[in-house]
Amino acid sequence: MITDLSGAPAELVSADGELSWQRRRTLWGLPLPTGTAGAGGATETNLEGTMDLLSTIEAFPRAAPLEGLDRAWKWSLNPVLHFAGALTGDGTRLLQTNQRGRHDELLARAVLAFARDHEKQLIGEGRFIGYADGFDVPGHAFDAVAAAVPDVHGHHKAQHPGLTALTYIVFPAYACEFSGRETLAEAEARYTKMLHPAEIGREAVPFVKMSFDNPRTGGGSTNPGRALTYPRILLQEIPQLENSPGGFVEYENREGEVWRVEWAGSWVLSGESGRREMSLEEVLSFAETSLR
């Protein structure tokens, strides 16, 4: 018998030196990939489905079945962090939702059930951060569920690195927060910095990209083209254009529609529908409404 570094049996070898049994798990108890390196050399390894998802999830701290949803579990690391997950329809991936602070198991279950019913839209269309609208759960204003791909969320890398590529983080959201055209960098910024997806009491953060230049204040964009920002920044910069001829604020909403605000002795809004003069209050109201 040959043991591993922990002393656990790893291989059984017969008297004539032939391998008669080999453990197919790591030191941490996770299954090894199905591809093996035998006497003839390495064979092809299939990355999907090589991890025993059931055993891995059930070994999470304080893991227990999530009532009301099949092949689903809940677990927690401490009183502040709460997690729930469900297998995809084919059982090869984990749909996981996280909550920090305020906890609502009904919401977690609803998110997972909705995500499973909308798998193709959320994770099957090649988007870095996908979304499906039509979500509704009592006590919350969310109207969509979103999903972040492994390259965006990076969860499980420390404790279960093999699980990262099989996990999609799903969370309650608002349809106005996504364009469906986010680059990897934009999806990472939305997920890790702007949306706070584990906060179930959060308000909507509508998608908006902006560029601006203000000769009077000296403020302006340093990046080429329009870049992600918060709606409040857009609404703060527009009034600053007053008495700044040549200045502008240009913004793009989730639908890809672009508008430009300028000061030319009066407020001017330009877009696909043409150019028109408006009051400041009308410009701000239009901008806010156009992001929803």
Side-chain angles (χ1 to χ4, degrees), residues 28-30 51 53-88 93-116 122-123 128-132 135-178 186-206 228 230-232:
W28 311 109
L30 299 178
M51 173 175 282
L53 285 174
L54 289 174
S55 297
T56 302
I57 297 168
E58 290 172 348
F60 285 161
R62 291 175 285 280
L66 182 63
E67 295 183 6
L69 193 62
D70 66 299
R71 297 184 301 161
W73 300 263
K74 59 182 179 180
W75 64 96
S76 64
L77 298 180
N78 54 52
V80 176
L81 298 174
H82 303 273
F83 309 95
L87 297 186
T88 53
R93 292 174 173 82
L94 174 66
L95 301 171
Q96 177 178 323
T97 190
N98 308 329
Q99 295 180 358
R100 180 172 56 241
R102 181 181 167 194
H103 176 51
D104 186 336
E105 187 171 311
L106 174 64
L107 176 62
R109 182 168 56 248
V111 167
L112 293 174
F114 188 90
R116 185 183 277 170
L122 289 173
I123 68 176
F128 294 113
I129 189 164
Y131 76 98
F135 179 70
D136 180 53
V137 66
H140 297 276
F142 299 114
D143 62 7
V145 168
V149 303
D151 284 343
V152 170
H153 67 72
H155 286 280
H156 301 299
K157 282 186 176 180
Q159 298 296 326
H160 303 284
L163 185 57
T164 300
L166 303 179
T167 300
Y168 289 78
I169 301 299
V170 295
F171 56 95
Y174 301 89
C176 65
E177 296 177 321
F178 310 98
E186 289 172 344
E188 289 176 331
R190 294 296 279 169
Y191 179 80
T192 63
K193 299 177 181 179
M194 302 182 76
L195 297 183
H196 304 288
E199 306 287 345
I200 65 173
R202 71 184 185 87
E203 296 182 353
V205 184
L228 287 173
Y230 293 94
R232 58 179 172 80

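Keep in mind that this is a model prediction, so the values were computed, not measured.
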Residues in salt bridge (charged side-chain N to carboxylate O under 4.0 Å, His left out) with [X], at least two apart?
X    : value
R116 : D70
R102 : none
E188 : none

task: Write out all pairs satisfying side chain to side chain donor-acceptor pair (under 3.5 Å) with one or both partners inside residues 141-155, taking only residues at least two apart or from two chains.
output: H155-Y191

field: All side-chain contact (heavy atoms from CB on, under 4.5 Å) counterparts of T88, not counting sequence neighbours
entry: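 Result, side-chain contact (heavy atoms from CB on, under 4.5 Å) vs T88: D90, T92, R93, L95, E119, I123.
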
Looking at every heavy atom in both [X] and [Y], which two are closest together, and how far apart are they?
X    : Y    : value
A63  : I57  : CB-O, 3.5 Å
L228 : A189 : CD1-CB, 4.2 Å
A86  : A72  : CB-CB, 3.8 Å

Could you pull out all donor-acceptor pairs under 3.5 Å where a side-chain atom in residues 165-174 meets a protein atom, sequence neighbours excluded?
unit_1	atom_1	unit_2	atom_2	d
T167	OG1	L163	O	2.9
Y174	OH	R202	O	3.1

task: Indicate yes or no for a side-chain donor-acceptor contact from H160 to the backbone of K157 under 3.5 Å, with no hydrogens or angles considered.
output: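 No.
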
field: Side chains of F178 and L195 in contact at under 4.5 Å (non-hydrogen atoms)
entry: yes

message: Could you check whether any side-chain heavy atom of R100 comes within less than 4.5 Å of a side-chain heavy atom of N98, counting everything from C-beta outward?
response: no

field: Residues R190 and E186 bridged, charged N to O under 4.0 Å
entry: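 Salt bridge absent between R190 and E186.
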
- request: Assign the ring pair F114 / F135 to parallel, tilted or perpendicular, where the plane angle (0 to 90°) is split at 30° and 60°.
  value: perpendicular

